[in-house]
Asks: 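Here's a structure for you.
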Amino acid sequence: MKKSSVCFISLLVLVNVFRGLHSFECPEYMRRRYDYIVVGSGSAGTVLAARLSENPDHRVLLVEAGESDRERKETPYIDIPALYPLLVNSSVDWGYYSVPQRHAGYAFNNRQFPLPQGKVSGGTFSINKMIYQRGSRHIYDYWASSGASGWSFREILKYFRRSEDIAVPELARSTYHEQCGQLRVSRLPPSPLLKLYLKAANGLGYRTINCNEGTDIGVCRIHTNIKFGERWNTLKGFIRPALGRRNLDMVTDAHVSKVLISNRKAQGIEFIHRGISFSVQTDKEVILAAGTYGSPAILIRSGIGPAELLQKLQIPPISLIPVGESLQDHPTVNIRVLVKVPTIKPHAIADQVKNNQYLFQRTGLLAELRGTEALLTLQSNPNSIIAYPDLQITFTSSLGDHDPMIDYVGNKNLTFIKSWYSIARGRDGVTLNIKLLHPASRGKMILNSVDPKVSPSIDPAYLSSPEDVKLLIKGIRKAQELLKTPAFRDVRASLGPSFSGCLHFVQDSDAYWECYIRHFMEPGHNPVSTNKMGSVNDGSTVVGPNLKVKGVSGLRVADASIIPEITDYTNAATIMIAEKAADLIRSDANNPL
């Protein structure tokens, strides 16, 4: 590593140290009983622990399996927005991989995808891309109409607003937003190419809208969770200000082995901290917020899950419900576009490290998302009777696939595709990322061991439904229409080179693009629905609309795993879920049966 980079990181570590010291309680000094035990310090758990501890009479414990973000060598990378790719497969990532995929991942080693999840306080919100997008108002109405009563957009809008601190001037007085919450929602400075994206979308008849304003179809500048040039997650916004409360304790490096259940009632949890087993009791509730993979794993180890799996693991059954099923994630595919105007190059970020622009000013490319600027959200069939959109195109002002950071993004078979990537190296270009918002494919998560440190088997079953491929091809056709607009023609835009591995099909045919998609599809990294929410009478659900686990009292799940149908980006929805969960829990506490 060059001396300038070492100095940069060393100085940044010092800045973080003197910004404030935050103690995390060791298990030996914890109470043995709490009113509420919250498992997981990600987007949901941090919000829940902070909200529940606002009442000084409620004793709250927050349990995190990862270590403190202040104790990790990756701390500078966590805080610096543009360096989020470096966190994949690092010590702050659980390092999960999918099982080999039958229908996708042909350009990945063993057809396995990296599935990053935060192994650190703050959870996945400490390593994600920091995009704040609520999703279609109609998708929440669909939740409600499908059995999750009380979760329509009209009913949950206040929970989006409650946590929000909007820093977009024209939205300051909007009824969809709030200025005084703990979560900063901001907008990045525009690049010269932003006008290109907006004009191109307008040229196809899509109007410019504000993201997260209730209207979904159109093009908008993305919203982010960046404050003063740094990642602003719920750990910073909710927990750090609350850790001085005497009724709130937090423990890290604590792997929850199971929920302690007696007479079908949650009594507490058992966890392992540095090789020693601890147990702690609850007087009210245990709330799992360990994420789409973590929460179902804890439920299964506790005797809650599919009968066949419990029998295989020799776990005494308590409640036989479909935990780990219905897994959803977005399939995405990148289209490379060469242009004749300057775009972001990898060396530009390195140059700003050298001159310490970020360290002293918290500005520049390191304070941004590597050129990701705008979203075009649309319906593939304008005459569809379904109200919510099904495709989204993200505009990024760089060719990410010639970026050296690709080595960190995980498991791509670089030998296989090296020549394809190298054609564009050093050239100016932009990336159009096409995302299928509501895939038909469904996967599952299967537990392999009762040991909480053994990774589960995760099968997202990407592209197992032929309909998903057809819709992604429609997205590619829409991207091609964008390139024919006057805005893109003015910069002499052209598709990047064809992929030789698919040239046995007629070029630009649907068959060629299906081959391309099955090679280069990547996960959207928004997994949901392994603890699906809905009517308690629905055999596919794990929790009811009150988030209580079916068949057990005193136990809820409140994180992305309960989402019954996936949203555009899931982090905003997860925070909303936690805000509503806090109200549901407090209501029950005030009105006991």
Side-chain angles (χ1 to χ4, degrees), residues 35-55 58 60-64 117-118 121-126 128 132-135 140 143 148 150-151 153 155-165 178 181-185 225 232-243 245 248 250 284-292 294-296 298 526-533 542-549 555-564 567 569-589:
D35 294 298
Y36 299 105
I37 300 172
V38 180
V39 179
S41 74
S43 299
T46 47
V47 174
L48 266 170
R51 291 299 189 207
L52 294 175
S53 64
E54 287 174 347
N55 184 336
H58 289 163
V60 180
L61 173 64
L62 178 60
V63 182
E64 168 57 42
Q117 293 282 288
S121 57
T124 304
F125 203 172
S126 288
N128 71 2
Y132 181 89
Q133 184 73 5
R134 295 172 178 175
Y140 301 103
W143 290 11
W151 291 83
F153 184 75
E155 292 167 298
I156 55 91
L157 176 59
K158 64 181 179 181
Y159 296 114
F160 280 119
R161 296 181 64 222
R162 179 176 294 175
S163 60
E164 191 180 46
D165 176 23
E178 193 61 68
Q182 293 88 341
L183 183 70
R184 173 58 63 92
V185 176
N225 300 123
W232 192 257
N233 58 12
T234 50
L235 182 76
K236 291 180 179 179
F238 283 84
I239 288 298
R240 293 227 168 105
L243 278 177
R245 297 173 185 167
L248 174 62
M250 179 173 180
K284 295 186 183 295
E285 292 192 32
V286 173
I287 307 104
L288 299 184
T292 295
S295 289
I298 294 170
N526 294 302
V528 301
S529 205
T530 49
N531 292 314
K532 183 180 175 182
M533 173 178 62
V542 173
V543 301
N546 57 9
L547 306 183
K548 293 180 180 180
V549 176
L555 178 61
R556 299 191 210 225
V557 181
D559 58 26
S561 72
I562 66 100
I563 292 176
T567 61
Y569 285 84
T570 55
N571 199 39
T574 302
I575 296 165
M576 174 276 293
I577 288 166
E579 290 281 20
K580 182 173 171 72
D583 267 10
L584 291 170
I585 293 166
R586 288 182 293 207
S587 176
D588 280 3

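For clarity, every value in this text was computed on a predicted model and none was experimentally measured.
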Asks: Testing Thr570, Thr124, Asn571 one by one against Asn526 for a side-chain hydrogen bond (donor to acceptor under 3.5 Å, both in side chains), which residue passes?
Replies: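 Running side-chain hydrogen bond (donor to acceptor under 3.5 Å, both in side chains) over Thr570, Thr124, Asn571 with Asn526 returns exactly one hit, Thr570.
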
Asks: Can you check whether Asp583's main-chain N or O pairs, donor with acceptor, with Ser587's side chain at less than 3.5 Å?
Replies: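 No, Ser587 side chain to Asp583 backbone: no donor-acceptor pair under 3.5 Å.
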
Asks: In terms of side-chain heavy atoms, does Ser295 have a donor or acceptor partner in Asp559 at a distance below 3.5 Å?
Replies: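 There is such a pair (donor and acceptor under 3.5 Å, judged by atom type) between the side chains of Ser295 and Asp559.
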
Asks: Could you give me the CA-CA distance, side-chain angles and deciding distance for Gln182 and Trp232, then say whether side chain to side chain contact (heavy atoms under 4.5 Å, CB included) is met?
Replies: CA-CA 9 Å; Gln182 293 88 341; Trp232 192 257; 5.8 Å; no

Asks: Charged N to carboxylate O under 4.0 angstrom, Arg556 versus Glu285?
Replies: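 Answer for the salt bridge query: yes.
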
Asks: Treating Ser41 as the side-chain partner and Glu64 as the backbone partner, does any N or O pair qualify as donor plus acceptor under 3.5 Å?
Replies: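 Between the backbone of Glu64 and the side chain of Ser41 there is no qualifying donor-acceptor contact (under 3.5 Å).
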
Asks: Counting C-beta onward and ignoring hydrogens, is there a side-chain heavy-atom pair between Tyr132 and Leu183 closer than 4.5 Å?
Replies: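 Side-chain contact under 4.5 Å: yes.
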
Asks: Taking atom types as modelled, is there a side-chain donor on Asn128 or Tyr569 under 3.5 Å from an acceptor on the other?
Replies: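 No donor-acceptor contact under 3.5 Å links the two side chains.
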
Asks: Between Ile585 and Tyr36, does a side chain to side chain contact (heavy atoms under 4.5 Å, CB included) hold up when you go through it step by step?
Replies: CA-CA 10 Å; Ile585 293 166; Tyr36 299 105; 3.3 Å; yes

Asks: Do the side chains of Val47 and Glu579 get nearer than 4.5 Å, heavy atoms only?
Replies: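 Of all side-chain heavy-atom pairs linking Val47 with Glu579, at least one is under 4.5 Å.
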
Asks: As an exercise, state the distance from NE2 of His58 to CG of Asp35, rounded to the nearest 0.5 Å.
Replies: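 Rounded to the nearest 0.5 Å, the NE2-CG separation comes out at 6.0 Å.
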
Asks: Got a donor-acceptor contact below 3.5 angstrom from the Ser126 side chain to the Ser121 backbone?
Replies: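 Yes; judged by distance alone, with no hydrogens or angles, the pair exists.
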
Asks: If we only count heavy atoms from C-beta on, is the Val38 to Ile287 side-chain gap below 4.5 Å?
Replies: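 With C-beta onward as the side chain, the pair touches.
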
Asks: Where is the tightest heavy-atom contact between Ala290 and Ile298, given as atom of each residue plus distance?
Replies: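 Between these two residues, the closest heavy atoms are CB-CD1, 4.1 Å.
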
Asks: Taking all atoms of both residues into account, what is the closest heavy-atom pair of Met533 and Ala148, and its distance?
Replies: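 Met533 and Ala148 have their closest heavy atoms at CE-CB, 3.8 Å.
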
Asks: Mind checking the CG-CG spacing from Leu235 to Leu243? Nearest 0.5 Å is all I need.
Replies: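 It comes to 8.0 Å.
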
Asks: Looking at every non-hydrogen atom in both residues, tell me the closest pair between Ala573 and Thr567 and how far apart they are.
Replies: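 Smallest heavy-atom distance, with atoms named: CB-OG1, 4.0 Å.
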
Asks: Could you pull out all residues at least two apart from Glu54 that satisfy salt bridge (Lys or Arg N to Asp or Glu O under 4.0 Å)?
Replies: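 With neighbours one apart ignored, the set is Arg51, Arg586.
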
Asks: Residues two or more places apart in sequence or in another chain: which of them pass side-chain contact (heavy atoms from CB on, under 4.5 Å) with Ala560?
Replies: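 For Ala560 the side-chain contact (heavy atoms from CB on, under 4.5 Å) partners, ignoring immediate neighbours, are Thr292, Val528, Ile563, Thr574.
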
Asks: Between the side chains of Glu164 and Arg134, is the shortest nitrogen-to-carboxylate-oxygen separation below 4.0 Å, so that they form an ion pair?
Replies: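 Yes.
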
Asks: Could you give the distance from CZ (Arg245) to CD1 (Ile239), rounded to the nearest 0.5 Å?
Replies: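 Result: 8.0 Å between the selected atoms.
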
Asks: Treating Lys580 as the side-chain partner and Gly150 as the backbone partner, does any N or O pair qualify as donor plus acceptor under 3.5 Å?
Replies: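 Yes: the side chain of Lys580 pairs with the backbone of Gly150.
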
Asks: Specify whether Tyr140 and Phe160 have parallel, tilted or perpendicular ring planes, treating 30° as the upper limit for parallel and 60° as the lower limit for perpendicular.
Replies: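 Perpendicular, since the angle between the ring planes exceeds 60°.
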
